[in-house]
> 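Pasting a structure below so you can have a look.
As the structure is a computational prediction, the values presented were derived from the model and not from experiment. Note that these values count all heavy atoms, side chains included, but never hydrogens, waters or copies made by symmetry.
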Amino acid sequence: MKRNHPFFLLLIGAALAGGCASLPAAEPGIGRQIRARLDAYARGSAEEWARFVADDCLCGLETKADIERAIANRPPGVRNWYGDISDLQVRPLGDAMVARYRVTEYTEVDGRRATAEMWRTETYALRKGTWMLIAGADIVIPAEPVAAQVDPSLFDSYVGRYEYTPGAVDTVTREGDRLFVQPTGEPRVELFPENETTYFAKGEGWRLIFVRDPQGAVTSLIFRQQGQDFTATRIP
């Protein structure tokens, strides 16, 4: 499963134990079904889109009827479509199934285009032999900043271990001109500089900020996401 950030997966890992399995051989058609539904949405075919969606679907904050009306009444100067589906994973649960995938949504209004890359998580129920969408939610992936040019020798001062709470530690390492962070029990992730003290990982919305004391020594790092900060103290 794709990691969200270096700290909070420690808190939710137990709930997601077992992860998400690859697309089962028994359900090879779910990817084609998702593609067909997205393409029907793009074409403005509300009736075709509705064939894949249960009447009682919890489709984000909208009902099935709300989305059908929006598709049918889309103004001529507005276009909506989706790019390729990637990283599709499925977890079957008896007569239900959870699918997650990555996709880019495009919106064009009078020739002006906007894009939103997102993870989609969708739940399906088997009804009369057909998988019907019964719930869905999106997580928008923030646009990544352009990596700044910094002197890689700066990374040496960041190498070390940083503790949020006993058992939750970020280990920062350097390999040549590359900087990495590895949270306890998780794979390591490469860090890229937004500036000399602030670093990001590709495809993630969080930031790691290294903090120096008045003498210039790095004493802690801050994990920042959605306006909230969590501080990890440097330890031996």
Side-chain angles (χ1 to χ4, degrees), residues 1-5 7-9 11-13 15-16 19-20 23 27 30-110 112-128 130-144 203-207 224-228:
M1 189 179 76
K2 183 175 181 294
R3 67 190 300 278
N4 292 314
H5 46 66
F7 176 50
F8 288 103
L9 283 183
L11 305 181
I12 66 174
L16 297 179
C20 297
L23 187 64
E27 298 300 339
I30 193 65
R32 292 190 294 272
Q33 181 173 320
I34 293 171
R35 181 76 265 170
R37 190 186 81 243
L38 298 183
D39 289 346
Y41 180 87
R43 290 194 300 272
S45 178
E47 183 177 353
E48 184 179 354
W49 175 88
R51 290 196 299 109
F52 302 103
V53 183
D55 290 340
D56 57 350
C57 178
L58 297 174
C59 299
L61 299 178
E62 298 176 295
T63 65
K64 176 182 179 180
D66 291 334
I67 299 174
E68 282 186 277
R69 282 192 295 271
I71 296 172
N73 297 312
R74 185 180 298 158
V78 176
R79 295 179 60 214
N80 290 103
W81 71 96
Y82 292 88
D84 293 337
I85 295 169
S86 63
D87 299 318
L88 174 64
Q89 296 186 350
V90 171
R91 187 173 184 177
L93 302 166
D95 288 341
M97 176 170 55
V98 178
R100 189 190 64 184
Y101 57 93
R102 185 168 178 162
V103 71
T104 301
E105 181 178 8
Y106 298 88
T107 303
E108 193 170 271
V109 180
D110 292 331
R112 292 172 295 176
R113 182 179 299 182
T115 62
E117 191 170 3
M118 64 188 69
W119 285 101
R120 282 196 156 182
T121 302
E122 298 176 343
T123 303
Y124 296 82
L126 191 59
R127 295 182 176 175
K128 298 181 180 180
T130 301
W131 289 109
M132 300 293 290
L133 179 67
I134 61 171
D138 298 337
I139 299 177
V140 176
I141 301 171
E144 293 173 2
E204 307 291 351
W206 50 262
R207 297 291 186 271
R224 176 173 293 166
Q225 187 175 47
Q226 296 179 349
Q228 297 193 31

> Can you tell me how far the CG atom of L133 sits from the CZ atom of R51, to the nearest 0.5 Å?
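Taking CG in L133 and CZ in R51, the distance rounds to 13.5 Å.
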
> State plainly whether the residues R43 and E48 are in salt-bridge range, i.e. N to O under 4.0 Å.
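Result for this pair is yes, salt bridge flagged.
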
> Quick check on D84: does its CG atom have over 12 non-hydrogen neighbours (other residues, nucleotides or ligands) under 6.0 Å away?
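Atom CG in D84 is not packed in, count stays at 12 or less.
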
> Check this for me: does any side-chain nitrogen of one of E62 and R69 sit under 4.0 Å from a carboxylate oxygen of the other?
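No, no charged N to carboxylate O under 4.0 Å.
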
> Just to verify, what does A54 make a side chain to side chain contact (heavy atoms under 4.5 Å, CB included) with, not counting sequence neighbours?
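With sequence neighbours excluded, A54 shows a side chain to side chain contact (heavy atoms under 4.5 Å, CB included) to D56, R127, M132, I134, given in chain and number order.
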
> Can you run down the ring pair (Phe, Tyr, Trp, His ring centres under 6.0 Å) pairs that involve residues 91-110, sequence neighbours left out, and say none if there aren't any?
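Of all non-adjacent pairs touching residues 91-110, those that pass ring pair (Phe, Tyr, Trp, His ring centres under 6.0 Å) are W81-Y106.
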
> Looking at side-chain heavy atoms only, is the closest gap between M118 and R102 below 4.5 Å?
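With C-beta onward as the side chain, the pair stays apart.
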
> Mind checking side-chain hydrogen bond (donor to acceptor under 3.5 Å, both in side chains) for R112 and listing every partner two or more places apart, or none if nothing turns up?
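side-chain hydrogen bond (donor to acceptor under 3.5 Å, both in side chains) check on R112 returns nothing, list empty.
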
> If the condition is side chain to side chain contact (heavy atoms under 4.5 Å, CB included), which residues does L58 pass it with, not counting sequence neighbours?
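If we apply the side chain to side chain contact (heavy atoms under 4.5 Å, CB included) test to L58, skipping adjacent residues, the hits are A135.
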
> By ring pair (Phe, Tyr, Trp, His ring centres under 6.0 Å), which residues pair with Y82, not counting sequence neighbours?
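Only Y41 meet the ring pair (Phe, Tyr, Trp, His ring centres under 6.0 Å) criterion with Y82.
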
> How close do A99 and V90 get, counting heavy atoms only, and between which atoms?
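In terms of heavy atoms, the two residues are closest at CB-CG2, 4.1 Å.
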
> Within this structure, what is the CZ-CD1 distance for the pair R35 and I30, rounded to the nearest 0.5 Å?
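The CD1 atom of I30 is 13.5 Å from CZ of R35, to the nearest 0.5 Å.
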
> By side chain to side chain contact (heavy atoms under 4.5 Å, CB included), which residues pair with A137, not counting sequence neighbours?
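Partners of A137 by the side chain to side chain contact (heavy atoms under 4.5 Å, CB included) criterion come out as none, since no residue qualifies.
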
